[in-house]
Amino acid sequence: MHIAMQTLYGETMPSISENISTIRAQVAKTAHKYGRNENDIKLLAVSKKQSIAKLQEAYAAGQREFGENYVQEAVEKIAELKMPDLVWHFIGPIQSNKTAIIAASFDWVHSIDRIKIAQRLSAQRASAMGSLKVCVQVNLSNETTKSGVPLEQVAELCQQINELPHLELRGLMAIPAASDTLAEQRRTFEPIAILFKELQRTYPQMDTLSIGMSADYEAAIAQASTVLRIGTAIFGPRD
Ligand SMILES: *Cc1c(COP(=O)(O)O)cnc(C)c1O
């Protein structure tokens, strides 16, 4: 049994390393429940609005892949944290005037939802850095407020991205509207899981289905997720 730190107010405050081991254990258990190999499911630590000290703590606990949403904030962190084995994922909305800095700073981009952004990222990626690994963001809820391409336009965008010399098409990503029950969450993820498997036949290098956050990771694991994007459950509330 571990003894968690007590705060002044008496609530417990587990450390980042405790949070990471708890989540890893839950992911392993859930993977087994759905007949999946836990090693096929990556934990992406979403570190937006979290301090450098917290990222260093996660690194010390073995976390290597971090997801950021805001370009300026991310670039400052990338410059400060020099560990060579860090892998940086951009997961936020992309404005076209930010593509050059994204292409120069990140290993992955999950949030591509139009060809113009993909073309700019490819043109601005230095050859020496190797291809930028990208996912197409899919809109599963058809809400006008959420970004992402509708399901029926994904195949065409994938085809266009696959032609670009400095991008490597690796998968699909989605942020669905919240739903309460596991059954409902699984239904929401089902179409992207089916489309992902279909696209893998055309693009064998596609190995990434970036679905699942703190509230819906079980449904995502059940529906073939390979990347869970977890923020507050690792780091605590954002600043
Ligand atoms: C913030 C964010 C997350 C993580 O959210 P938490 O609720 O902190 O776990 C995951 N994916 C995206 C795209 C995000 O912007």
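In this chain, numbering begins with 1 at the start of the sequence shown. Atoms within a ligand are numbered from 1 in the order they appear, just like the ligands themselves. The basis for the numbers below is simple: all heavy atoms, side chains too, and nothing from hydrogens, waters or symmetry mates.
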Quiz item: At the 4.0 Å heavy-atom cut-off, does His110 count as touching ligand 1?
Solution: no

Practice problem: Mark up the atoms of ligand 1 that fall under 4.0 Å of a heavy atom belonging to Thr232, in ascending order. | Solution: 6 (P), 7 (O), 8 (O), 9 (O)

Practice problem: Could you find the nearest protein heavy atom to atom 8 (O) of ligand 1 and give me its residue, atom name and distance? | Solution: Arg238 NH1, 2.7 Å

Exercise. Determine, stepwise, if the pair Ser96 / Arg120 fulfils side chain to side chain donor-acceptor pair (under 3.5 Å).
Key: CA-CA 8 Å; Ser96 49; Arg120 290 177 64 95; 4.8 Å; no

Quiz item: Less than 4.0 Å between a side-chain N and a carboxylate O, is that true for Lys49 and Asp239?
Solution: no

Self-check item: Side chains of Glu38 and His32, donor plus acceptor under 3.5 Å
Solution: yes

Practice problem: To the nearest 0.5 Å, tell me how far Thr226 OG1 sits from Ile41 CD1. | Solution: 8.5 Å

Quiz item: What residue and heavy atom of the protein are closest to atom 2 (C) of ligand 1, and at what distance?
Solution: Lys48 NZ, 2.6 Å

Quiz item: Angle class for the Phe66/Trp88 ring planes (parallel below 30°, perpendicular above 60°, tilted otherwise)?
Solution: tilted

Self-check item: Enumerated ligand 1 atoms positioned under 4.0 Å from heavy atoms of Asn69
Solution: 14 (C), 15 (O)

Self-check item: Val46 and ligand 1 - part of the residue with a heavy-atom distance under 4.0 Å
Solution: side chain

Practice problem: Give the contacting part of Met213 toward ligand 1: side chain, backbone, both or neither, where contact means a heavy-atom distance below 4.0 Å. | Solution: side chain

Self-check item: ligand 1 to Ala233 polar contact by distance, N or O atoms, under 3.5 Å
Solution: no

Exercise. Give a yes or no answer on whether the side chain of Ser47 reaches the backbone of Leu55 with a donor-acceptor pair at less than 3.5 Å.
Key: no

Self-check item: Part of Ile91 with heavy atoms under 4.0 Å of ligand 1, whether side chain, backbone, both or neither
Solution: both

Quiz item: To the nearest 0.1 Å, how far is atom 11 (N) of ligand 1 from its closest protein heavy atom, and which atom is that?
Solution: Arg229 NE, 2.9 Å

Exercise. Report, in ascending order of atom number, the atoms of ligand 1 lying under 4.0 Å from any heavy atom of Ile175.
Key: 13 (C)

Quiz item: Against heavy atoms of Ser214, which atoms of ligand 1 measure under 4.0 Å?
Solution: 9 (O)

Self-check item: Residue and atom name of the nearest protein heavy atom (relative to atom 9 (O) of ligand 1), distance in Å to one decimal
Solution: Gly231 N, 2.8 Å

Self-check item: Under 3.5 Å: donor-acceptor pair, side chain of Arg186, backbone of Gln223
Solution: no

Practice problem: Please confirm whether the backbone N or O of Ser17 pairs with a side-chain atom of Ser21, one donor and one acceptor, at under 3.5 Å? | Solution: yes

Quiz prompt | Verdict with reasoning, Lys77 to Glu73, per salt bridge (charged side-chain N to carboxylate O under 4.0 Å, His left out) | solution = CA-CA 6 Å; Lys77 286 173 175 165; Glu73 178 194 337; 2.6 Å; yes

